[in-house]
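Being a predicted model, the structure only gives us computed values, none of them experimental. A note on names: the letters A, B, ... follow the listed sequences, proteins ahead of strands, and every chain is numbered from 1.
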Protein chains: 4
Amino acid sequence: MREAAIEAFAENGYGSTTTRQIAARLGMSPAAMYPHYRSKEELLYAIAYEGHDLALRVVRDADLPDADPIARLISIIRRFVEWQAQNHRRARVIQYELTALEPDHYRAITGLRRDTTKVVRDVVDLGIESGQFTVPDAEGVTLALMSLCVDICRWYPSGRYNEPDTLSTLYADLSLRLVGAVH
Amino acid sequence: MREAAIEAFAENGYGSTTTRQIAARLGMSPAAMYPHYRSKEELLYAIAYEGHDLALRVVRDADLPDADPIARLISIIRRFVEWQAQNHRRARVIQYELTALEPDHYRAITGLRRDTTKVVRDVVDLGIESGQFTVPDAEGVTLALMSLCVDICRWYPSGRYNEPDTLSTLYADLSLRLVGAVH
Amino acid sequence: MREAAIEAFAENGYGSTTTRQIAARLGMSPAAMYPHYRSKEELLYAIAYEGHDLALRVVRDADLPDADPIARLISIIRRFVEWQAQNHRRARVIQYELTALEPDHYRAITGLRRDTTKVVRDVVDLGIESGQFTVPDAEGVTLALMSLCVDICRWYPSGRYNEPDTLSTLYADLSLRLVGAVH
Amino acid sequence: MREAAIEAFAENGYGSTTTRQIAARLGMSPAAMYPHYRSKEELLYAIAYEGHDLALRVVRDADLPDADPIARLISIIRRFVEWQAQNHRRARVIQYELTALEPDHYRAITGLRRDTTKVVRDVVDLGIESGQFTVPDAEGVTLALMSLCVDICRWYPSGRYNEPDTLSTLYADLSLRLVGAVH
DNA sequence: AATGAATGAGGCTTCATTCAT
DNA sequence: CATGAATGAAGCCTCATTCAT
């Protein structure tokens with residue numbers, strides 16, 4: 001049911017998607033949603049929470065605590081980009097439809113997002129400390145790295161970049177440029 | 001009227017915004033929209049067309065045909081970033097609500113977006129030719145440059161980056177890194 | 001303006017016709033009606049009054065006070081049928097849209113209709129008195145004569161009966177049969 | 001629900017009747033109609049189809065294939081007139097509101113009406129063949145017979161003719177006069 | 001006399017949701 | 001757990017009408 005909702009929300013937006021459309025994708029009646037979710041908003045919240053939780057896990061799993069900052073950044077960006085590309089519909093929903101959440105729900109998601117950013121930020125800070133990264137501003141560069149990855153869901157797939165692998169290779173390279181780790 | 005609609009769409013999304021809400025912002029009746037726009041979708045189209053047309057103009061005006069690629073890229077990115085930051089609500093609407101447009105309208109917007117990207121792409125190509133830029137792939141780097149700028153409307157303002165000028169300085173620097181014009 | 005309204009009302013019915021449609025037929029703005037008629041209902045009333053007044057005049061003019069009942073009935077029916085056929089759109093409006101009139105207006109029309117029926121009824125009565133007509137019931141036969149004529153606007157033109165003249169010849173014959181003046 | 005709609009349409013016309021009015025007659029909400037009919041027009045079509053189907057059945061049931069044309073015509077007209085009188089509200093709707101139907105629906109109804117007319121026409125033709133009827137034109141007389149019956153819904157009840165039986169007796173007599181079967 | 005913009009009311013219909021089954 | 005019918009609220013939009021111009 002979440003699958004169906006994700007596709008519908010991704011295509012039309014939360015506000016323009018009706019419970020009937022979601023139900024129709026499942027061949028069920030609109031009322032069938034209610035034993036599972038208390039409301040359309042709760043369904044969105046379930047999707048958003050699961051999605052951001054997954055993204056956080058992906059980033060954390062990709063991190064290599066014992067490796068050097070360059071290898072860590074490459075690993076994180078590669079996996080995060082792949083995930084964004086593979087889950088671009090889901091990503092679109094959980095990035096762009098958050099304003100429809102109720103305040104409490106919105107806050108819960110914000111927490112997960114902060115945690116995800118923190119993983120990247122920590123590696124950036126470490127790279128600066130070790131002198132491998134040269135950046136004007138750690139916050140700004142982290143912002144740009146996250147922005148690049150998150151924005152994938154807006155345009156992917158497009159042109160030559162229609163495979164997770166192609167894209168993650170490009171973005172891993174670009175991320176090293178952004179942190180000034182290429183000479 | 002477009003102003004009011006932009007704010008409403010930016011806050012709640014097109015699908016979740018009602019014609020009543022837009023009219024309420026203007027202190028008018030919901031019917032007052034109809035002598036000016038044939039439908040809610042036409043209002044969105046007017047906003048989207050105007051916005052993308054403006055963005056294209058901004059980028060073209062910022063270009064310096066006689067300058068060298070580095071100066072041109074800096075100028076374009078600075079102005080584009082400033083515009084995205086200053087118009088982040090409008091930008092959000094014209095970037096994220098496009099799926100609500102009818103096919104014909106959608107296509108018209110797509111054309112303007114391609115033109116905007118082209119301006120950046122041409123400078124990237126020139127920089128490569130002149131040897132000032134070192135990039136793995138012109139298409140991919142252009143994609144990233146545009147992505148970075150367009151995504152501003154999703155998060156701006158945030159943290160230290162809450163002034164167009166601060167942000168454009170950061171992004172001008174980052175863009176040179178992306179094209180490999182920094183050593 | 002009445003012409004335009006008649007055509008619109010006849011095609012779509014009073015309730016389904018908008019002031020915009022009427023105005024559009026005249027190439028004018030919807031507001032242009034109001035200097036001439038106080039409301040849509042007043043426009044209908046003007047049409048209905050004029051129409052029923054005309055019909056009454058047609059029937060009275062067709063009557064031949066000095067002729068014998070058979071000649072009179074033939075003349076009346078012929079002219080009335082011709083008028084109904086020639087003005088079938090107008091007739092449709094003034095027969096079928098009366099329920100949309102305000103009570104006072106409705107009553108005014110009812111008076112004209114009664115007068116029209118009276119012209120026919122008087123000839124029927126005279127024919128009975130003179131022994132030329134043999135009818136079971138003057139009221140019933142008058143009802144049927146009027147019914148036949150008034151119903152023309154529902155179906156005319158159709159099949160072979162698409163000329164006022166053809167139809168009036170048929171109906172003159174049939175009316176003599178109804179009053180029992182044929183042997 | 002069809003009952004309620006028939007009364008409302010008969011009183012005010014289709015275009016002047018609102019879905020709210022129909023629902024109010026049933027003590028239900030305006031939305032209650034939609035699980036049963038897709039639109040107001042579909043409700044009208046259901047009423048029109050059922051009505052014309054019923055009328056056709058009434059006429060066919062009244063026909064007496066083995067009897068002589070005079071008895072057959074009397075039987076058909078009596079039953080048809082009775083039905084028109086008893087169902088004058090329904091008849092009004094299904095005769096006068098047909099222009100509000102969509103083309104496909106309109107055509108379906110037209111077919112049923114032709115079938116109904118055919119039943120009468122066949123008897124007229126038979127009467128002519130057998131020499132019992134003397135008519136100037138079978139098509140014209142059939143037209144008049146149908147016209148007389150169909151028009152009942154416009155004026156019934158009125159004056160002395162406020163009982164189906166009284167009326168059917170009158171019209172059976174008049175129909176014999178129209179076909180020239182009275183001497 | 002005619003218009004374009006505006007409006008309050010309300011048009012038809014759809015919405016998310018409920019509830020008896 | 002799933003449904004079909006129902007609903008109150010509201011969706012977008014159109015209505016007849018007004019009014020300043």
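- Along DNA chain F, the nucleotide nearest to A/S29 and the one nearest to D/M28 differ in position, and the one closer to the 5' end is contacted by A/S29.
- As rounded to whole Å, 18 Å separates atom P of E/dA9 from atom OH of B/Y34.
- Using a 4.0 Å cut-off, some side-chain N or O of B/T18 falls inside it from OP1 or OP2 of F/dG11.
- Remark: P of E/dT17 and CG of A/L44 are 12 Å apart, rounded to the nearest angstrom.
- Position along DNA chain E of the nearest nucleotide to B/G27 versus D/T17 favours B/G27 as the more 5'-ward residue.
- Taking the nucleotide of DNA chain F with the nearest heavy atom to each of C/E41 and B/E41, the more 5' of the two is matched to B/E41.
- The side chain of B/H36 places no N or O atom within less than 4.0 Å of a non-bridging phosphate oxygen (OP1 or OP2) of E/dG4.
- Looking only at distances, no side-chain donor or acceptor of B/E102 sits under 3.5 Å from a matching main-chain atom of B/E41.
- Contact check, D/R20 against E/dG11: a side-chain N or O comes under 4.0 Å of OP1 or OP2.
- Not one N or O on the side chain of D/D53 forms a donor-acceptor pair closer than 3.5 Å with the backbone of D/Y49.
- One interatomic measurement links the two molecules: CE of D/M1 to C1' of F/dA5, which rounds to 11 Å at whole-angstrom precision.
- Computed from coordinates, the B/E42 CD to F/dC12 P distance equals 15 Å when rounded to whole Å.
- Partner of D/E7 under the side chain to side chain donor-acceptor pair (under 3.5 Å) criterion, out of D/R25, D/Q21, D/R90, D/R2: D/R25 alone.
- The shortest distance between the side-chain N/O atoms of C/T19 and the OP1/OP2 oxygens of F/dA16 is below 4.0 Å.
- When the P atom of F/dA2 is taken as reference, atom CE of A/M33 falls 13 Å away, rounded to whole Å.
- Closest to the C/K40 side chain, of the nucleotides F/dT17, E/dA2, E/dC15, is F/dT17.
- There is no side-chain donor-acceptor pair under 3.5 Å between D/Y96 and D/R154.
- Nucleic acid contact class of B/S16 (heavy atoms, under 4.0 Å, all strands): none.
- Remark: C/R20 pairs with no residue by the salt bridge (Lys or Arg N to Asp or Glu O under 4.0 Å) rule, at least two apart or across chains.
- The nucleotide F/dA16 finds its pairing partner in E/dT7, both defining distances of the Watson-Crick or G-U wobble pair being shorter than 3.5 Å.
- Across the strands present, E/dT21 finds its partner in F/dA2; the criterion is a Watson-Crick or G-U wobble pair with both atom distances under 3.5 angstrom.
- Residue C/Y14 contributes atom OH, which lies 14 Å from atom P of F/dC15 at whole-angstrom precision.
- At whole-Å resolution of the value, OH in A/Y37 and C1' in F/dC1 are 14 Å apart.
- Rounded to an integer number of Å, the gap from CG of C/N12 to P of F/dC15 is 12 Å.
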